Amino acid sequence: MLVFILRRLAQSAVVVVAMSVLVFAGIFAIGNPIDVLISPEADEFERAAAIARLGLDKPMHEQFLRFVDSALGGDLGTSFVHGVPALGLVLQRFPATLELALCAMLVAVALGIPLGLWAGLKPDSLAGRVIMTGSILGFSLPTFWVGMMLIMAFAVTLGWLPAGGRGETASLFGVQWSFLTADGLAHLILPAVNLALFKLSLVIRLARAGTREVALQDYVKFARAKGLAPARIVGVHILKNIMIPVVTVLGLELGSVIAFSVVTESVFAWPGMGKLLIDSILQLDRPVVIAYLLVTVLLFVVINLIVDLVYSLLDPRIRLGGGRA
Amino acid sequence: MTEPLLRVDGLKTHFLTRAGTVKAVDGVDLRLDRGEILGLVGESGSGKSVTGQSILGLVDPPGRVVGGRVLFQGEDLVGAGEKRLRAIRGRRIAMIFQDPMMTLNPVLSIGTQMVEAVRAHEAVSRAEAWERSRRALARVGIASPDERLASYPHQFSGGMRQRVAIAIALLHSPDLIIADEPTTALDVTIQAQILFEVQKLCHETGTALIWVTHDLAVVSALADRVAVMYAGRVVETGTVAEIIGAPRHPYTRGLLESVPSRNRRGVPLRSIPGMTPSVLDLPEGCAFRPRCDRPTAACTTMPELAGERDDRAWRCWNPVAAEVRGDAA
């Protein structure tokens, strides 16, 4: 197990290094931030001073080495626009995004697995068909449109829920969270549901497909032949087997939900990393974009590692005994 | 006559598919006394496995028991509710399946799967259920049961898994075990071990056994009585000696002649021409008629299961003469 974790950490480090090169090269090729940053009336001298201050006059490899050097010290540069450390800027927005993403995943799992189980156990029932039809809608409707419809219905017409923002927050471990206050929770519901919709459909379909396959296995029949109660057969024998693909996909999806909650954050004016990214790209704020991308890469790597560990807890066949396959 | 442990009367299990109704089991009669071992023999698709599952109400949709009775100690299980069936499954009637690779849940430890089987029927503590599972494993010849209980199915060989399945079946000392080709998927040497083991355990505990198989050699070594199935019906029934020594149904004779024997060394092995008919499209009358070497006009109507006694009967208009076969031994 320890060998496995070490090996995975080494792999992860390679991924992070490769990504940092790609990210830096990619960002370097985009536009000239100076044009956006200084006023059009500035003269040549001011312009040159700004370029020198931002280090943009150095050759690319030198800029990269400088970037790596300070990145290892936890400094990903200073935002051109805000004048504060880029990493701090991203991390400051991170809790809002994390909160939104986790709530969305919670909704997707808490609703998706029971619905998928039901649809898989009774595929020909009316409820089963309704669930599957609903999941097709969840897949095919664009997120931004659903978001706007949610705002129209629940915020504008019915007036039940707020249309945007984080609402009141409360502090926990020195970080501000919305879900700790009633007002914050009310602000959280619509964006979380919006972000969850696609994942919910995915979980339903995964759970249903898994259930249909597992329910026909001999071991389920054998469990029935032992005289077990249906709750135990479904809740343990079937559930544990369908959780393996669900956990794998959800782990990967959690990364993507965090990284790409951009659309939902924009629609609901949710002050998370996604919104920061969009703003920074528009302003060619290179250090912030790089910091965002690196944080995202790290997140993916960590989440994948966790998924592998959970996976091995769920499935004893791949319990990790070093060299044994 | 005393009430048998199990009496199956005119059992019909049909599968209502889009292509039509598959009459997998179409009027099967069986009887089994306490402690008796019955071999239920037939080719693939003869309905023998479905018969076994129908007894416990374990047929998956679209299959359904559409007629007949399953009297278990006088109680009809066909009409019984799911709750009543659950109380009987595993406790009074246990089942062992064909493929030991598939019958144990791969993600649950052996211990979990045994403890839950104990606690499904008896309100005992986890520790006591564990202890009983340990003893059950030891009884089927599994060494270091404590360690084994903590293992997962993939860490066992096929023969070991089947032993575990047998141990689970024996947990509640049931009155009847339905074993659905439990040795088919195993090596021949393991087969013999398991056969011997099961026979011994059934004798020790007085458990009756229905051994579903296509292998007449296995049946002759194990069973007291035999019922031969063809296309969803019992075509011949009798004691092992009667079935092996003096088969009356041409299908039974065909089956016996297709088993290799020492006494016919050098003679090409006989086989039954043709193949099992599609259960979607059974011929009118006797289902074996198209493959029979002696069909007559009478065979276009279905013969009754009749013979010398209730438990020595055949379903044929022109039974094979009751000669005693030379290679019976």
Side-chain angles (χ1 to χ4, degrees), chain A residues 1 113 117-126 128 207 210-248 308-322 324-325, chain B residues 49 52-53 55-62 82-110 112-122 150-155 161 164-165 168-169 171-172 174 177-180 185:
Chain A
M1 193 68 179
I113 287 176
L117 266 175
W118 185 275
L121 290 172
K122 301 195 185 304
D124 296 322
S125 67
L126 180 66
T211 306
R212 290 203 68 179
E213 196 189 315
V214 170
L216 294 177
Q217 296 292 323
D218 268 0
Y219 55 75
V220 171
K221 192 168 266 192
F222 188 64
R224 285 173 68 205
K226 287 196 293 192
L228 299 184
R232 171 121 191 133
I233 294 175
V234 174
V236 176
H237 284 258
I238 293 181
L239 186 65
K240 220 175 159 197
N241 276 287
I242 66 167
M243 282 314 282
I244 295 169
V246 172
V247 165
T248 318
D308 278 348
L309 296 180
V310 173
Y311 208 83
S312 73
L313 285 181
L314 279 174
D315 191 343
R317 284 167 295 188
I318 48 165
R319 208 146 283 175
L320 313 142
R324 205 157 50 91
Chain B
S49 291
Q53 294 182 9
I55 292 172
L56 268 179
L58 284 177
V59 181
D60 281 321
E82 190 63 20
K83 204 173 160 198
R84 179 68 193 132
L85 281 175
R86 219 161 66 218
I88 291 172
R89 289 179 194 144
R91 185 188 180 93
R92 312 284 304 283
I93 306 178
M95 244 185 125
I96 306 170
F97 288 91
Q98 173 170 6
D99 189 351
M101 299 295 173
M102 300 300 298
T103 47
L104 296 171
N105 195 323
V107 301
L108 300 175
S109 73
I110 301 297
T112 306
Q113 298 190 53
M114 293 191 79
V115 165
E116 71 178 4
V118 174
R119 283 159 55 102
H121 296 293
E122 281 171 64
S151 318
Y152 287 84
H154 69 279
Q155 295 163 315
R161 288 190 215 194
V164 171
I168 291 176
L171 273 174
H172 294 281
I177 293 178
I178 300 168
D180 187 356

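Throughout, protein chains are lettered first and strands after them, A, B, ... in sequence-line order, and every chain is numbered starting at 1. Not measured: the values here are computed from a predicted model.
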S.K.: Are A/R232 and B/R119 side-chain neighbours, meaning at least one heavy-atom pair lies under 4.5 Å?
M.R.: no
S.K.: Given the options B/T112, B/D60, B/I88, B/I93, which has more heavy-atom pairs under 4.5 Å with chain A than any of the others?
M.R.: B/D60
S.K.: With a 4.5 angstrom heavy-atom cut-off, could you sort out which part of B/A165 is near chain A: side chain, backbone, both or neither?
M.R.: both
S.K.: Is any side-chain heavy atom of B/M95 less than 4.5 Å from a side-chain heavy atom of A/K221?
M.R.: no
S.K.: Would you check if B/I168 and B/T103 make a side-chain contact, meaning some heavy-atom pair closer than 4.5 Å?
M.R.: no
S.K.: Any side-chain heavy atom of A/N241 within less than 4.5 Å of one from A/Y219?
M.R.: yes
S.K.: Specify which of B/P106, B/A87, B/P174, B/G90 makes the most heavy-atom pairs with chain A at under 4.5 Å.
M.R.: B/P106
S.K.: Counting only non-hydrogen atoms closer than 4.5 Å, does B/Q113 touch chain A with its backbone (N, CA, C, O), its side chain (CB onward), both, or neither?
M.R.: both
